[in-house]
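Reading through the structure tokens given below for one structure.
Keep in mind it's a predicted model, so treat the numbers as computed, not measured. Heavy atoms only: backbone and side chains are in, while hydrogens, waters and symmetry mates are out.
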Amino acid sequence: MVEDQGHEQTRGLTGRRARGELEGDVLAALWAAEGPLTARQVRERLPGDLAYTTVLTILTRLHEKGMLVRHREGRGYAYEPARDEASHTAHHMHSLLEGGSDREAVLARFVSELSEHDEQLLYQLLSGHDETPAEGERSRGKR
């Protein structure tokens with residue numbers, strides 16, 4: 001599976017996942033689910049053969065960070081994301097922007113590296129219109 005190959009490449013020589021990768025995998029599994037999942041259900045949806053206790057530790061950490069909500073289910077818990085994926089990503093982007101020393105430079109670089117499609121979508125969102133800018137009206141003329 002291509003996705004598993006990508007995971008293998010980020011693990012390096014130790015065979016361990018890169019920092020935060022497992023949290024991302026757990027969040028992705030929960031976002032893809034139709035409802036809350038137990039630790040055992042999350043484990044079944046993750047690549048590799050992770051220990052149950054490892055998955056439970058990640059779920060607990062994500063809950064403590066406020067990224068997951070948990071509900072009592074039997075003797076354990078079922079977990080679900082506190083935010084949808086788009087809200088989570090937007091929050092993360094905002095946090096990164098807040099941490100930079102030159103917001104204008106960061107935003108300019110971000111916009112300059114957008115694809116044509118994403119630039120048009122951003123323009124539509126900012127202007128509140130459904131139409132896209134004419135070629136001559138675009139903020140940058142590199143395309």
Next on the checklist: Counting C-beta onward and ignoring hydrogens, is there a side-chain heavy-atom pair between Glu98 and Arg103 closer than 4.5 Å?
Outcome noted: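 Glu98 vs Arg103: side chains touch.
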Checklist entry - Would you call Leu50 and Ile58 a side-chain contact if the rule is heavy atoms closer than 4.5 Å? => result no
Spacing of [X] atom [atom1] and [Y] atom [atom2] [to the nearest 0.5 Å]:
X	Y	atom1	atom2	result
Leu56	Arg40	CG	CZ	10.0 Å
Leu62	Leu30	CG	CG	8.0 Å
His91	Leu96	NE2	CG	10.0 Å
Arg72	Tyr77	CZ	OH	3.5 Å
Glu23	Lys65	CD	NZ	3.5 Å
Thr89	Arg83	OG1	CZ	10.5 Å

Quick one: closest heavy-atom pair of [X] and [Y], and the distance?
X	Y	result
Pro47	Asp25	CG-OD2, 4.3 Å
Ala29	Leu46	CB-CD2, 4.3 Å
Pro36	Gln41	O-OE1, 4.2 Å
Arg43	Ala51	NE-C, 3.9 Å
Glu73	Ala78	OE1-CB, 3.5 Å

Checklist entry - Would you call the rings of Tyr79 and His63 parallel, tilted or perpendicular if under 30° counts as parallel and over 60° as perpendicular? => result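 Taking His63 first and then Tyr79, their aromatic rings stand perpendicular (interplane angle over 60°).
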If you group Ile, Leu, Val, Met, Phe, Trp and Tyr by side-chain heavy-atom gaps below 4.5 Å, do [X] and [Y] land in one group?
X	Y	result
Leu22	Trp31	yes
Leu107	Leu125	no
Val106	Val111	no

Next on the checklist: Looking only at side-chain N and O atoms, does Gln120 offer a donor or acceptor that is under 3.5 Å from a partner on Glu116?
Outcome noted: yes
Next on the checklist: Could you walk me through whether Leu27 and Leu68 satisfy the side-chain contact (heavy atoms from CB on, under 4.5 Å) test, starting with their C-alpha distance in whole Å, then the side-chain angles of each, then the deciding distance to 0.1 Å, before giving a yes or no?
Outcome noted: CA-CA 9 Å; Leu27 283 169; Leu68 298 181; 3.9 Å; yes
Checklist entry - Considering residues, nucleotides and ligands other than His92, do more than 12 of their heavy atoms fall under 6.0 Å from its NE2? => result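 Atom NE2 in His92 is not packed in, count stays at 12 or less.
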